[in-house]
Amino acid sequence: MAFSVNSFADKHIYTGWFSSKAVSGYDAVAYFTEGKPVKGSAKYKFEHLGVEWYFSSEKHLTLFKESPEQYMPQYGGYCAWAVAAKKQRAPGDPRYWKIVDNKLYLNYDISVQEKWLKDIPGFIKAADKHWPEMN
């Protein structure tokens, strides 16, 4: 019987069904340093919490290793709105993101992000309450 790496990965970090890549292989540090989503490279790969994190440079890899909690998306990279509004895990798409109070949040798609942007503080408060109960 075959299992994907993700079968054994921490369910608290979204990687998709047939992947072991956190943030869909995007560089989590780049959101903070470059202000945009940047694809990571297998050349700068790091395993943390049972999943693979990809980076676009050695510098970003080093920054992440020094302080992963600072750069990891909230709610394990699941959609922040879904955790808040539905108390459900939905994929977070690295193209729909926002940094709030120096924390990275991902959303499922543009329409969900538009909902989330209408009450970010309220949704963060609800998601912060729901997330521990979901784990």
Side-chain angles (χ1 to χ4, degrees):
M1 184 175 254
F3 291 95
S4 72
V5 173
N6 191 43
S7 296
F8 303 103
D10 188 331
K11 70 175 182 169
H12 306 307
I13 299 181
Y14 176 71
T15 59
W17 285 103
F18 300 107
S19 173
S20 59
K21 296 178 186 176
V23 198
S24 301
Y26 280 75
D27 180 341
V29 175
Y31 292 97
F32 297 89
T33 61
E34 299 182 36
K36 64 181 181 180
V38 175
K39 277 280 197 182
S41 166
K43 182 177 177 182
Y44 307 109
K45 180 171 68 171
F46 177 63
E47 187 174 317
H48 180 65
L49 298 178
V51 299
E52 296 172 341
W53 299 82
Y54 284 64
F55 303 94
S56 59
S57 69
E58 184 71 37
K59 179 181 178 184
H60 286 186
L61 170 61
T62 300
L63 286 169
F64 186 86
K65 283 181 175 181
E66 290 171 356
S67 185
E69 296 295 324
Q70 180 178 341
Y71 299 105
M72 291 171 47
Q74 299 302 293
Y75 321 121
Y78 288 95
C79 174
W81 180 84
V83 173
K86 304 282 187 179
K87 200 174 179 181
Q88 294 177 347
R89 286 184 173 91
D93 186 320
R95 298 171 299 169
Y96 305 103
W97 62 281
K98 183 131 178 93
I99 293 176
V100 180
D101 295 330
N102 212 32
K103 293 180 181 179
L104 176 61
Y105 297 88
L106 302 179
N107 291 121
Y108 178 77
D109 63 16
I110 189 69
S111 65
V112 168
Q113 187 174 51
E114 288 170 357
K115 293 176 190 178
W116 189 73
L117 292 172
K118 291 180 181 175
D119 184 16
I120 293 172
F123 287 126
I124 290 173
K125 183 177 180 182
D128 284 351
K129 179 183 177 207
H130 293 162
W131 186 243
E133 299 169 3
M134 293 171 65
N135 293 310

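Taking the six-membered ring where tryptophan is involved, the planes of Phe64 and Tyr71 are tilted, since the angle between them lies from 30° to 60°. Ring geometry for Trp131 versus Tyr78: interplanar angle of 30 to 60°, hence tilted.
Comment: Lys45 engages Glu52 in a salt bridge, judged by a side-chain N to carboxylate O separation of less than 4.0 angstrom. For the pair Glu133 and Lys87, the salt-bridge criterion is met [side-chain N within less than 4.0 Å of a carboxylate O].
The same ILVMFWY cluster, assembled from side-chain heavy atoms under 4.5 Å apart, contains both Trp53 and Leu63. Note on Val38: it does not cluster hydrophobically with Ile99, by side-chain heavy-atom contacts below 4.5 Å among ILVMFWY residues. Cluster membership check: Leu61 shares its hydrophobic cluster with Tyr26, using side-chain heavy-atom separations under 4.5 Å among Ile, Leu, Val, Met, Phe, Trp and Tyr.
Side-chain contact between His130 and Lys86: absent, with no pair of heavy atoms (C-beta onward) separated by less than 4.5 Å. A 4.5 Å side-chain heavy-atom check between Pro94 and Val23 finds at least one atom pair inside the cut-off.
Aromatic pair Tyr96/Tyr108: ring centres not closer than 6.0 Å. Ring centroid separation for the pair Tyr105 and Trp81 does not come in under the 6.0 Å cut-off. Aromatic ring centres of Tyr44 and Tyr54: separated by at least 6.0 Å.
The structure places NZ of Lys36 at 12.0 Å from OH of Tyr31, a figure rounded to the nearest 0.5 Å. Distance CG/Asp93 to CG/Leu106: 8.0 Å, rounded to 0.5 Å. Note that CZ of Arg95 and CD1 of Ile110 are 10.0 Å apart. Values are rounded to the nearest 0.5 Å. Atom NZ of Lys98 sits about 14.5 Å away from atom CD of Gln74, to the nearest 0.5 Å. Taken from OG in Ser57 to CD in Glu34, the straight-line distance is 7.5 Å, to the nearest 0.5 Å. Rounding to the nearest 0.5 Å gives a distance of 11.5 Å between CG of Leu104 and OH of Tyr75.
The backbone N or O of Lys21 sits less than 3.5 Å from a side-chain atom of Ser19, completing a donor-acceptor pair. Between the side chain of Asp27 and the main chain of Val29, a donor-acceptor pair closer than 3.5 Å is present. Without hydrogens or angle criteria, Gln113 side chain to Trp97 main chain gives a donor-acceptor distance under 3.5 Å. Between the side chain of Asp109 and the backbone N or O of Ser111 there is at least one donor-acceptor pair closer than 3.5 Å. Judged purely by atom type and a 3.5 angstrom limit, His60 has no side-chain atom pairing as donor or acceptor with the backbone of Phe55. His12 contributes no side-chain N or O that, together with a main-chain N or O of Gly76, makes up a donor-acceptor pair within less than 3.5 Å. Of the possible polar contacts, none joining the Arg89 side chain to the Cys79 backbone as a donor-acceptor pair under 3.5 Å is found.
Counting heavy-atom neighbours within 6.0 Å of Lys39 NZ, excluding the residue itself, gives a total above 12.
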### Task
Could you give me the CA-CA distance, side-chain angles and deciding distance for His48 and Lys65, then say whether side chain to side chain contact (heavy atoms under 4.5 Å, CB included) is met?
CA-CA 9 Å; His48 180 65; Lys65 283 181 175 181; over 6 Å; no
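Of all the heavy atoms in Ala82 and Ala90, the pair that sits closest is CB-CB, 3.7 Å.
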